[in-house]
Protein chains: 2
Amino acid sequence: MEYLIGEFSLVARLSVKTLRFYHEEGLLLPSRIDAVTGYRYYDEAAAGRAAAIRELRALGFSLDAIKEILSRCEDDEDIVPYLERRGEEIASEIEDSRATQRMIQEFLERQKEIQGMNVDRNIVIKELPELTVAGIRFKGKYDQVGKYFGPLMKRAGKYALSGPMTIYHDREYRDEDADIEVCVPVRKALNEGELASHPLAGGRAVTLIHQGPYDTISDSYRKIGAYIKDCGLRASVPSREIYIKGPGLIFMGNPKKYLTEIQVIAVHVDDEASRAS
Amino acid sequence: MEYLIGEFSLVARLSVKTLRFYHEEGLLLPSRIDAVTGYRYYDEAAAGRAAAIRELRALGFSLDAIKEILSRCEDDEDIVPYLERRGEEIASEIEDSRATQRMIQEFLERQKEIQGMNVDRNIVIKELPELTVAGIRFKGKYDQVGKYFGPLMKRAGKYALSGPMTIYHDREYRDEDADIEVCVPVRKALNEGELASHPLAGGRAVTLIHQGPYDTISDSYRKIGAYIKDCGLRASVPSREIYIKGPGLIFMGNPKKYLTEIQVIAVHVDDEASRAS
DNA sequence: CTTGACCCTCCAGCGGCTGGAGGGTGGAAG
DNA sequence: CTTCCACCCTCCAGCCGCTGGAGGGTCAAG
């Protein structure tokens, strides 16, 4: 029983192109080639080999691997070691895919969280809990903050309870040499190299969500300052900025859409006075 | 701040080759190209874009997809739909991989089962349970059996309790026109087209495992026949052949290693006589 | 002036095919 | 006898995301 390539293509369930390619590769040879026309003819034995090739391809073996398997094995039991190795390969591929999927999931969840937040553009009074934060403290200019986020998240990311924030330890504004701490709330204290953990006191805070690029944030600070003064309060250090929405993980994003929550813990002047006495 | 391509390669964590390739593709353009030397120079903005590209590549996006994403999105929230779709893609890739893995697993388990079987080359008396089998019955020659296995396993494979077998309904040997049923034990009766299910009676059977190609199986039948006669038993129809090891799923295998168990249910002549009376 | 570390362009190759151009063959229909 | 169609052939390009190498220019240090 002899087949022309087109007929054999139906039997073997491999395209004519693929059959010619496998011939060229020496993977599946026709049983006979007509010397005059150059036509390829295939037989039953070729059909068996073709079926084996199809099966092995379906299991994800490369053509080279299949060549090796077909040359080395003549019985199903001989391919057991190949299948075992292939199984492990697939397992690790799956593991990789799942890791990628987890990354996507986390990203989407974070995004959803941000989306779901209803943003109040007014001043809000909040009771802040005490936190343990792990951070890197340095003296410098505001725009150096960005450089510290990478190392911070790399080391503390696993233990982070929420997104990163910046703590300003100065009582007043400083252009150069500001005392800045880039940090993140963590589950457990963590000290390693420049990274240091410490408790961060809670309390009643005046908060405001600033929308726009960071270089306009002083407007929002002014609002908070005015509010604090009007209410007869007094700002205590340190103050914090929480990055609700900043330059994304992937994009710089549009600075006009950046959202930064400013939190300044404030106490009544009389309370302070009475406590001081 | 300007980088030569080699320096930028460290910043961007992309190989020089890749950077040149991305340039050619229009995916990541240098900020400036020296008209005289042709040197590429990159800046901070390019570093940002490079980081985005790296992230997206790590999530498995194609360069084309990345081009589209970078041209359409300018904020992390814009890529949510892309990530969602990508997540689904990955999920289906994982599903495919798992299907492949299951196939490999099943194959390995079957192999192990066969390996683990201790093969007794002598005549063995077994008590066979009653079974429900789904099979295709036809009249023809022995070597047509092979053709029916494919369709059989395709339809009944899901419900199969064990490997396929052949039932011979003739009392004596027939070369042409034998009454043959290719079947498989199933969990539940199953009727569809040529596929029909029915119970298969159990009983005390004389069994022998035949090793070698099918065309020598008559030797083993002779042995069984002789044994039955010697013991004063009488063979009842149908008899069965169980393919312990035959042409594999992938390889034809070595016919000398084929193992086929012949099972002939036999009763004492006196029992039969007494029952007949 | 040489050395060596950069940089450039251009081309080939990986794997596993697919598509198409350009041409031959064989049988049936008009 | 021509024409058509369905086959078959070979050879080359293209997909994707790079990588490697050949062959050559550039730049700063020794």
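Letters A, B, ... are given to chains in the order of the sequence lines, protein chains preceding strands, and every chain is numbered from 1. For clarity, every value in this text was computed on a predicted model and none was experimentally measured.
The nearest whole Å value for the distance from the CZ atom in A/R32 to the P atom in D/dC9 is 12 Å. Computed from coordinates, the B/F21 CZ to D/dC15 P distance equals 11 Å when rounded to whole Å. Summarising the geometry, the separation between CG on B/L56 and C1' on D/dC16 is reported as 17 Å, rounded to the nearest angstrom. Atom CZ of A/R54 is separated from atom C1' of C/dC17 by 17 Å (rounded to the nearest Å). As a whole-Å value, the separation of A/L63 CG from C/dC14 C1' is 13 Å. We find that OH of B/Y41 is positioned 9 Å from C1' of C/dC7, with the value rounded to whole Å. Spacing between atom CD of A/E24 and atom P of C/dT18 amounts to 14 Å, rounded to whole angstrom units. Rounded to whole angstrom, the span from the CZ atom of B/F61 across to the P atom of D/dC16 amounts to 16 Å.
With hydrogens and angles ignored, the 3.5 Å screen pairs no side-chain donor or acceptor of A/R49 with any backbone N or O of A/I53.
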Nucleotide N/O of nucleotides 21-24 of chain D paired with protein N/O under 3.5 Å:
unit_1: D/dG21; atom_1: O6; unit_2: B/K17; atom_2: NZ; d: 2.4

Where do N or O atoms of nucleotides 3-8 of chain D meet protein N or O atoms at under 3.5 Å, pair by pair?
unit_1: D/dC8; atom_1: OP1; unit_2: A/G6; atom_2: N; d: 2.6

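When A/E84, A/E88, A/E89 are each tested for a salt bridge (Lys or Arg N to Asp or Glu O under 4.0 Å) with A/R86, only one passes: A/E89.
Ring pair A/Y148/A/F138: centre-to-centre distance below 6.0 Å. Note: B/Y258 and B/Y243 fail the aromatic proximity criterion, with ring centroids not under 6.0 Å apart.
Side-chain proximity of A/D64 to C/dC17, D/dG17, C/dG15: nearest is C/dG15.
The aromatic rings of A/Y42 and A/F8 lie parallel to each other, with less than 30° between the two planes, well short of the 60° mark.
Within 4.0 Å of A/Y22, counting heavy atoms only, lie sugar-phosphate atoms of the nucleic acid but no base atom.
Taking CD1 of B/I69 as the reference point, atom CD1 of B/I79 lies at 6.5 Å (rounded to 0.5 Å).
Residues A/E176 and A/Y142 have side chains that never bring a donor and an acceptor to within less than 3.5 angstrom of each other.
Remark on DNA chain C: of its neighbouring residues B/H23 and A/S15, the 5'-side contact belongs to B/H23, judged by nearest-heavy-atom nucleotide.
Salt bridge absent: A/E113 and A/K245 never bring a charged side-chain N and a carboxylate O closer than 4.0 Å.
Residue A/T37 has no polar side-chain atom (N or O) positioned under 4.0 Å from OP1 or OP2 of C/dG24.
Cation-pi geometry between B/R32 and B/Y41 is met: under 6.0 angstrom from the ring centre, within 45 degrees of the axis.
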